[in-house]
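Fair warning: this is a prediction, and the values are worked out from it, not measured in the lab.
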Amino acid sequence: MSQTSETIDPWSTYWTAIVVATTNLFWITIATTITQFVLMVLVAWHEYQARFKTALSPINLRILGLALFNLISYIFQTIGVNTTDPTVYSTTMAVGNACSYLLSFLIIEYGWIRGFNIVQQCFKNSIPYLRFMLIFYGVLQLTQGVLYAWISFTNQSTPEYANLTTIEAYLSLGAQVIAFAFDFFLLGVFIVYLRRGREDATLIDTERLSVVARYGILSFWVNQVCLVATVALYFVFGMVEPPISITAVIIIYYIENCAPIVYVFLQIAMKWSIHVAREAAMSNNRSSATTENKTPRLSRKN
């Protein structure tokens with residue numbers, strides 16, 4: 001019987017493992033999200049105490065939004081993979097994936113906001129093109145969310161289902177290409193800024209923006225690891241029979257879904273690094289001012 005079942009559905013054991021992994025990732029996401037919120041409160045409090053900015057600054061809210069939408073996505077997806085009700089499955093997976101698409105857009109939009117001042121100083125003429133790419137990427141993500149909801153409630157045995165999944169696949173490919181191109185351009189800008197920052201005196205706010213650039217480079221690699229894992233799973237699940245082992249699939253699945261968590265932790269670390277850099281700069285300025293006041297001045301004699 002087991003051989004017949006494996007012949008009929010070679011993916012059955014894989015789907016069972018995915019359900020277990022999704023449930024585990026759900027608890028991991030809850031624990032890490034709570035940790036991220038606590039860390040953000042601490043960072044925001046230190047910023048407020050130092051009078052650098054208000055606690056609920058746009059950047060702080062964006063970082064919290066990244067953590068929140070990642071959690072919401074996992075709540076719905078975990079409910080979906082653990083239910084036997086087709087309607088509940090379709091609804092929860094549609095909402096969960098919609099949150100995933102929104103999260104992907106927020107990551108790109110956050111990177112744009114964070115890197116804007118650097119782009120403005122290094123490649124100002126590229127700003128209109130980057131804004132167009134950002135808007136177009138948002139439209140693609142919105143379209144994907146609507147289309148996935150449509151697919152979720154479509155009978156899989158109909159030609160309509162096959163057509164919709166094909167369209168969704170092309171939209172996904174287009175979105176991934178735009179995301180990679182956008183991130184790759186920002187990577188180049190960050191590298192150029194760090195190199196110019198050592199010699200170019202015309203660059204402003206180099207202490208803060210150098211931190212942003214360094215963490216932007218790290219964030220790029222996290223995003224690309226997630227992208228490679230996503231594409232790999234897409235091709236694996238598109239096969240008639242499993243091309244790799246269950247262990248390999250689950251490892252890739254964990255990498256793909258832990259990447260947003262790592263990304264948020266990086267942004268929190270960046271916030272703290274900026275805070276430390278500003279504190280150090282203020283301390284140096286105070287020390288310099290104190291030294292100047294204590295320096296004896298020669299009196300002028302007539």
Show me the side-chain donor-acceptor pairs of residues 224-232 shorter than 3.5 Å, one per line, residues at least two apart or across chains.
from: T230; atom 1: OG1; to: C226; atom 2: O; distance (Å): 2.8
from: T230; atom 1: OG1; to: E256; atom 2: OE2; distance (Å): 3.0

Around atom CZ of F237, are there more than 12 heavy atoms from other residues, nucleotides or ligands closer than 6.0 Å?
yes

With sequence neighbours left out, write down each residue that passes side chain to side chain donor-acceptor pair (under 3.5 Å) with Y101, or none if nothing qualifies.
E168

With sequence neighbours excluded, give me every salt bridge (charged side-chain N to carboxylate O under 4.0 Å, His left out) pair touching residues 96-113.
R62-E109

In Å and rounded to the nearest 0.5 Å, what is the CD1 to CD1 distance from I75 to I30?
6.0 Å

Should the pair F184 and F180 be assigned to parallel (<30°), tilted (30 to 60°) or perpendicular (>60°) ring geometry?
parallel

Using ring-ring contact (aromatic ring centres under 6.0 Å, His included) as the criterion, list what pairs up with Y254, not counting sequence neighbours.
none

Flag, side chain of T32 to backbone of T29, donor-acceptor distance under 3.5 Å:
yes

Hydrophobic cluster membership, with links at side-chain heavy-atom distances under 4.5 Å among I/L/V/M/F/W/Y: are L68 and V41 in one?
no

Here the pair of heavy atoms bringing C258 nearest to L25 is SG-CD2, 3.7 Å

Sorted by chain and residue number, the side chain to side chain donor-acceptor pair (under 3.5 Å) partners of T154 (sequence neighbours excluded) come out as none

If you look at every heavy atom in I274 and R208, which pair is closest and at what distance?
CG2-CG, 3.7 Å

State, to 0.1 Å, how close P128 and K124 come at their nearest heavy-atom pair, and which atoms those are.
CD-O, 4.2 Å

Non-neighbouring partners of F136 that pass ring-ring contact (aromatic ring centres under 6.0 Å, His included), sequence neighbours left out:
none

If you round to the nearest 0.5 Å, how far is CD1 of I251 from OG of S245?
7.5 Å

Counting neighbours of CH2 on W150 that are heavy atoms of other residues, nucleotides or ligands and sit closer than 6.0 Å, is the number greater than 12?
no

Taking everything shown except N125 itself, do over 12 heavy atoms lie less than 6.0 Å from its CG?
no

If you group Ile, Leu, Val, Met, Phe, Trp and Tyr whenever their side-chain heavy atoms sit less than 4.5 Å apart, what else falls in with L173?
V177

Do T165 and Q156 get their side chains close enough for a donor-acceptor pair, meaning under 3.5 Å?
no

Applying side chain to side chain donor-acceptor pair (under 3.5 Å), name anything that partners N223, two or more places apart in sequence or on another chain.
D183

For S219, side chain to side chain donor-acceptor pair (under 3.5 Å) partners two or more places apart:
Q267

Salt bridge (charged side-chain N to carboxylate O under 4.0 Å, His left out) contacts touching residues 80-100 (sequence neighbours left out):
none

So, using ring-ring contact (aromatic ring centres under 6.0 Å, His included) as the criterion, who are the partners of F153 when residues are at least two apart?
none

Are L103 and Y110 connected in a single hydrophobic cluster, I mean Ile/Leu/Val/Met/Phe/Trp/Tyr linked by side-chain heavy atoms less than 4.5 Å apart?
yes

May I have all residue pairs that pass ring pair (Phe, Tyr, Trp, His ring centres under 6.0 Å) and include part of residues 63-90, sequence neighbours excluded?
none

